[in-house]
Every structure is written in structure tokens, then in C-alpha cells.
Number of protein chains: 2
Amino acid sequence: MPSSRVTITDIARYVGVSPSTVSLVLRRKGAISEATKEAVHRAIDELGYVYDRNAANLRSRTTQAIGLLINDVRNPFFAELATAVQEASEEDDYLTHLLSSSENVARQSRYIRSLLEMRVAGVIVCAATGTDREALSPLLEREIPTVLAVRPLDVEGVAFVGPDNRKAGELVARHLLDLGHSDLAFIGGEPGNPARDARFGGFAAALEERGVGLNPDWVIDIRPTVTAGAIAIERLLERSPRPTAIVCYNDLLAFSASERLWAEGIAVGEDVALTGFDDLPLSRVAVPPLTTVDLKVHEIGRRASELLLDKLEHPGSEPQQVFLEPDLVVRRTCGSGCSPQNRPTQISEGEA
Amino acid sequence: MPSSRVTITDIARYVGVSPSTVSLVLRRKGAISEATKEAVHRAIDELGYVYDRNAANLRSRTTQAIGLLINDVRNPFFAELATAVQEASEEDDYLTHLLSSSENVARQSRYIRSLLEMRVAGVIVCAATGTDREALSPLLEREIPTVLAVRPLDVEGVAFVGPDNRKAGELVARHLLDLGHSDLAFIGGEPGNPARDARFGGFAAALEERGVGLNPDWVIDIRPTVTAGAIAIERLLERSPRPTAIVCYNDLLAFSASERLWAEGIAVGEDVALTGFDDLPLSRVAVPPLTTVDLKVHEIGRRASELLLDKLEHPGSEPQQVFLEPDLVVRRTCGSGCSPQNRPTQISEGEA
DNA sequence: TTGAAAGCGCTACCAA
DNA sequence: TTGGTAGCGCTTTCAA
């Protein structure tokens, strides 16, 4: 069995047909008789032929591939998004090239270039923190079909799919207010980050709506690293008076906040209420299980993929902006209102 | 500015040199005068040229790309591995094509085919559960440089980089024994899974070494899903007598086990000791912070990448088997021996 | 230090 | 239902 230099021409010769016929069989195009189809496939097996996508892409000047640029695969939220995009695009026979910038804008730019050089048909982008219009211009100038996911960006005429962050902020705030809290803190994220601003905006609006004051001492801005929650809690504990409920910018941050409170002997869910945003799989098995907002990542990924593939089939359509409705998920960190169906036993999937 | 149909020939004409000269400039090869280099780069900017990697790959019959096939990006352990591989291969100017099979063997096979069609130079594989020799044969038959990572497989002559799982098992068992425990349970993973068997093997050996009996009632086999820990704990609690220490197959499993124990009113770290394997970033901020074994994922990724790239530069070298030394990380779930440097405040990176 | 020409493996296009 | 031929955009090879 010859190594990987078997070409379509070899197959053609072997079967006794023309290269174009073999190509048609390979692509399931045109009307080819069952007999030749079979013969071609047999030859492929026998000669150990492997399709050369580089040659095909070059000649056809198209690819059946999209790029997915995400800010960090290590964040479970975005890993889930990536999985959803991969699955959805696979259904339409597109391959997803997944690249993780690790929040590094320079690396992100290199990856955009790579994607361009590969001639991907389109790109889905969860932009790294600090990305500006300029950074995306290689995509926009060449009019590569692009959809922004999760992280909105101040760029005109680009499609977007993400959560309704403002609504999410309102949801937690109202829940906490309904539980009788009126001393609410908001920790994590930095002003200027659109997701943080929208969540905080919804949060603040809900307070105002109920005539509850917002204590600026209880708003802690901090870059959302895995350790940030703990630091924010430390700062918060220095304040006097202290809040009775703490809204965290995301679940990851809530975990470290929760640990810090526990370490200080403050019982989360009893002495203080705590919430996150995202609803990671891990949030169900946190101790105590975290009350949070399901941002529908999987659906975001699916919709982003659908939007992009749709754009590829039907160019020239208006760029859509999709904001998915979030769901409040009440668990144990708020002390009450816990519904029994949120018990961990109910969880059904996810290999460890 | 013309769209992406600008070719090397256009650049050549614009500058007044030949296409081969432009090609040489692009690849930083040959001896080209500074003047022409500059002129070429200017032309590239002005005409908006984008290198066509498909054409280059076709002609040169090689690629500067490797494939990374992982079983699940949603598992933070493997997300970290992916990041490490990406970073390391980037240093050698290789692009990593990251594909996550989600533990689906059929999908994994499709991805292997895609990688082959892309003509990647080599592949790193974290095999999906259930993968056999046959599944990797497309790679092996064509002698594509391959290195298995994390998950060993019963395949002759293939390079491997992973943790020393047996050692890891010994480490936790000895720690627990040192703390005075003699009633130890082992939960999660299934016999036949090499990682589980090695960890369990080391665990059992350590008990035997100290003359401590192993109660089969306290060995719970279960597929390591996110919910498995809780289920295993439920089964364990039905037994009588009960163990005083519980070793979990991995950190994710330990989280749900921990939550379940908490829900039952059993204080982890006081009433019972609990440990995991992996040392995920989240394990430091779990409540209580999880005692576990650092399997050195990042280093595994880096070494796997180095091994592969080395193989690409120097073919014909013997396939190496690298087993990295694990480190015990003592935190709070064992009740004692907690060193202050494991406080969450010490964590230094990772965007949430 | 640069150029001319051939050709990588495939698909497009037209013809039969 | 199939075949012939040109050529996608690059690199290789050899020559100047």
C-alpha cells in the first residue's frame, strides 16, 4: 500500500475512468452510476487514498470550514460554547477551526490572520478583552462573514448573538429583593466591560425600581480572574456596614468569593446571600450549590453557528442582533426559595 | 482595494520582480536585498494581499500544522492541556488544530480523517473512552507522527506523555494513612480505564505496604460524569461500617461528592476526608479547598508538543514514553496538614 | 540576488 | 453519465 501520495488520478487510472468522474463521486455530485461509484470506493480503500483538502480548497476557491475564535477555552463557559458551535456546524458539514486567544489581543490578531490564510468561509468571535474595531478590521475589510458571540463590541453592522445581560442583572436583583434583602453588593468586572456594565445596569435599575438605595461602597470593580472573588470579599469585609447579599459578576468569581466567606466563618446562604452569572455545570455541585443565572451558552453557540451558516448560504442579508433570554436558577446560596429539582442527583450529563 | 484575489503574481508585477522573489520574501528564505524586501512588504499592504496557505501546502506537500484531538474541551483538565499544546507549538511556528471529540469515538474518527485530509504534520491524541487500536489505524498505517497524551492506549510503538498515575495513587493513600486513616474508600472510574486502574493500583499498593486492609464495599465503580460523585456517595452511605476517608477518581467527581456529603450534613475535612486527582484551578477555591494531586497538565501538554515537534524534525527516533511525576497538594478536605500557602489569595492567574 | 517554467492535486467548464 | 483540459496560487528547481 503506497503512502499518502495516491491521487485522484491514480484512482481514475485504477478504475478505468477519468479524474473528473472520481471527483464527482467523492463530492457526491452529478449523476454517476452505482457501478462506477462502487468501483471508485473500492479503489480508494485498496489504494489507501486520502482526499487532499488543500488542493480542493485551492481549486474551488472555497472551504467548508469556519473559524471560532474564543477568548479562553479554560473558562468552562466558553468551552461549552465551543462545543455547541462545533456540533451545530458539523450538522451542516462545516469543520470548525477552534482557536483560543487566552485573552491575548496580539495572539488573537495572529489567529485572525491564520484563519484568513486558511480561507475559512466565516468566523465566530468571542473577542479577547481589549479588542477594538481595529483588531477586527482584517475580517471586516475583506467582508468575511463574521458573527460576534457573547461579547458585544462597538462595531457597526456586525451580527451578534449573546445573552441579555441587563435582563440577567435584573433577574438576580429582583430575586434578592423579593427575599427581603435591601443591602446589595455587586462585585467583579470592570466598568467599560459591556457585559459587566449591562449586568450592573440591570441590577441597579431593579434596585431603583423598588426604591432601594445602592451603596457605592459595595460595588467592587476588579478584573474577573479566578482569585478576584476572594480579593473582592476581603475588601467588602473591611466596609461597615456590610451588605447582606452579594451579586458576583460570574460563577467563577462567585466560587472564590464563596470560599473566602467560608474561610472567614461566614455561612453562605445563611449569613449572607451570594449569586453568580453563567450557570456552569460546576455551579450545581458547588458547596453550597450556587444560585445563578443561566445565560444559555449552548444555545448561544448554536444560534451563532446557525446565523453564520445562514449568512454563508444567503449573503447580503442584514446582520442580526440576537439577545437570548436568561433564566434565574435558584439554588442554595441565597438561603431560601430553593426548589428541590436543583438537587445534584438530578444532573444528567457531562463526563468528568 | 481589491478583495482577496490578490496573488503573489500581482505583488510581483506591482513591485517589478518575479513571483519566486516574492515567495522568498514571504518565507524569509534565500538572500534577498533589503530594498526588494521592503518594496514587497509595501505592495502587500497596499494591495491587501493574503497568503494562501492551501496553495502553499499543496505545492510544498507539507504543512506547519499539527492536530490536537482531545476527548472533551469542557473538562478543565483538558482545556488546560490544549492551551499548553497551543502555546508550545506556536513557539515553533506550528498551528494547532484543536478538535474535541466529546468522548464520541465515531466523531473522533471523523476528526482523524479531517486532520489527514488537511495534511497535518503530526497529531497529539487524548483518546476518547472506548478507543481501540483500530480507531487509530488511519494514523498509524500512514505513519503520521503521533503522540498519545494523558490517556495511555495498548498500542505498540507510539509515543506517550502522561502522569504517573500509580505514583499519584500512592501519594494520596500514604497521606491519608499518615493522618491516621485506615478505613479508605476509592470512588469513581471503571476497571479497564487505564488511568483509574493505575491510580487504584497505587492506592491499593500503599495500603498493603502498611498492612491496611482494603474493604471491597468501599470501592465504587462508576463512570466519571459530573454527577457520579454524588451517586457514589449515596451508595457509600448505605454501607456499614462507613469509611473515614474517600479518594475520588478526579477533582470533578470530588466536587459532586463533596456537595453530596455537605447536603447530608457530613462535614468534609472534619467528619470525613476527601481527595481528588488533577488539581484543577477550581480545586483551590472549592469549599472546602480540595486536597488533590497535581498531575502537571500544563507540563504534559508542553512535553507532548515538544516530543511531536522533535519527531517532525528528527524522524526515525524511538517513540518515547514520558511519565511525569505528580505532586500531592494538601488543602482542607483532609482536615489537617493544611499549609498556609494554599490559601486562595495566593492564586495568581486565570481570567474568569 | 533574482527569474522562468513546471507542476502540486484537485475542480470547473465544456463537450461528448 | 462520463471525459478532456485548463488552471487555482503557490513552491521548486535550475539557470543566470
Side-chain angles (χ1 to χ4, degrees), chain A residues 2-41 43-44 47-65 113-114 116-121 142, chain B residues 2-41 43-44 47-65 113-114 116-121 142:
Chain A
S3 76
S4 84
R5 30 197 41 179
V6 183
T7 76
I8 222 183
T9 317
D10 297 321
I11 302 294
R13 245 198 311 267
Y14 189 87
V15 176
V17 293
S18 77
S20 7
T21 302
V22 176
S23 177
L24 290 171
V25 174
L26 251 26
R27 289 174 294 142
R28 296 177 195 75
K29 286 219 170 170
I32 305 290
S33 73
E34 277 307 316
T36 49
K37 270 189 206 168
E38 261 176 51
V40 166
H41 284 121
I44 285 172
L47 301 185
Y49 168 78
V50 176
Y51 187 71
D52 190 321
R53 220 160 263 285
N54 290 304
N57 291 346
L58 170 58
R59 179 60 241 236
S60 67
R61 304 164 126 280
T62 59
T63 60
Q64 286 274 88
R113 174 140 301 269
S114 287
L116 250 21
E117 295 182 349
M118 292 162 67
R119 300 291 192 257
V120 291
R142 279 163 246 282
Chain B
S3 76
S4 84
R5 29 198 42 179
V6 183
T7 76
I8 219 181
T9 316
D10 298 321
I11 303 294
R13 246 199 310 265
Y14 189 87
V15 177
V17 293
S18 76
S20 7
T21 302
V22 176
S23 177
L24 290 171
V25 173
L26 252 26
R27 289 175 294 141
R28 296 177 195 72
K29 286 218 170 170
I32 304 287
S33 73
E34 277 308 317
T36 49
K37 270 189 206 168
E38 260 176 51
V40 166
H41 284 122
I44 284 173
L47 301 185
Y49 167 77
V50 177
Y51 188 71
D52 189 322
R53 220 160 262 286
N54 290 303
N57 291 344
L58 170 59
R59 178 60 241 237
S60 68
R61 302 164 126 280
T62 58
T63 61
Q64 286 275 86
R113 173 141 299 270
S114 287
L116 251 22
E117 295 181 349
M118 291 163 67
R119 301 291 192 256
V120 292
R142 280 164 245 282

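First the proteins, then the strands, lettered A, B, ... as listed; each starts at 1. Below, each value reflects all heavy atoms present in this structure, side chains not excepted, and no hydrogens, waters or symmetry copies. Model, not experiment: these values are computed from the prediction.
Taking only distance into account, the side chain of B:S20 meets the base of C:dA4 through a donor-acceptor pair shorter than 3.5 Å.
Note on B:S60: every side-chain N or O is 4.0 Å or more away from OP1 and OP2 of C:dC8. Considering only side-chain N and O atoms, A:S23 lies under 4.0 angstrom from the phosphate OP1 or OP2 of C:dT11. Of the side-chain N and O atoms in B:T36, one or more sit less than 4.0 angstrom from OP1 or OP2 of C:dT2. Between A:R53 and C:dG9 there is no side-chain polar atom (N or O) within less than 4.0 angstrom of OP1 or OP2. Close to D:dT2, at under 4.0 Å from its OP1 or OP2, lies a side-chain N or O of A:S33.
Distance, B:E117 CD to C:dC10 C1': 13 Å, rounded to whole Å. In this entry the distance linking CG of A:L58 with C1' of C:dC10 reads 8 Å, nearest Å. Following rounding to the nearest Å, B:I44 (CD1) and D:dC10 (P) show an atom-to-atom distance of 10 Å. The NZ atom of A:K29 sits 16 Å away from the P atom of C:dC14 (whole-angstrom rounding). B:N57 places its CG atom 15 Å from the P atom of D:dG9, with the value rounded to the nearest Å. To the nearest angstrom, C1' of D:dG7 lies 16 Å from CG of B:N54. Rounding to whole angstrom units, CG of residue B:L24 and P of D:dC14 are separated by 15 Å. D:dG4 atom P lies 12 Å from atom CZ of A:R13, rounded to whole Å.
Rounding to the nearest 0.5 Å gives a distance of 12.0 Å between CG of B:L58 and CZ of A:R59. Note that the CZ atom of A:R27 and the CD1 atom of A:I32 stand 10.0 Å from one another [nearest 0.5 Å].
Comparing D:dT2, C:dA12, D:dT1 by their nearest atom to the side chain of A:A31 picks out D:dT1. Comparing atom distances between the A:R61 side chain and each of D:dT2, D:dC8, C:dG9 picks out D:dC8 as nearest. Distance from the side chain of A:A56 is smallest for C:dT11 among the nucleotides C:dT11, D:dT1, D:dC8. For A:D52, the side-chain atoms get nearest to C:dG9 when compared with the rest of C:dT11, D:dC10, C:dG9. Counting only heavy atoms from C-beta on, B:R59 has its side chain closest to D:dT12 among C:dT1, C:dA12, D:dT12.
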- [ ] Before giving the answer on side chain to side chain donor-acceptor pair (under 3.5 Å), spell out for B:S23 and B:S20 the whole-Å C-alpha distance, their side-chain angles and the decisive distance to 0.1 Å.
- [x] CA-CA 5 Å; B:S23 177; B:S20 7; over 6 Å; no
Open item on the list: What verdict does the side chain to side chain contact (heavy atoms under 4.5 Å, CB included) test give for B:L26 and B:I44, after you've listed the backbone C-alpha separation in whole Å, the side-chain angles of each residue and the deciding distance to 0.1 Å?
Closed with: CA-CA 10 Å; B:L26 252 26; B:I44 284 173; 3.5 Å; yes
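When every heavy atom of A:N57 is checked against every heavy atom of B:N54, the shortest pair comes out as ND2-OD1, 3.3 Å.
Counting non-hydrogen atoms under 4.0 angstrom, A:R27 reaches the backbone sugars and phosphates but no base.
For the pair B:R119 (side chain) and B:L116 (backbone), a donor-acceptor distance under 3.5 Å is present.
Along DNA chain D, the nucleotide nearest B:L26 and the nucleotide nearest A:S18 are compared for position; the residue whose nucleotide lies closer to the 5' end is A:S18.
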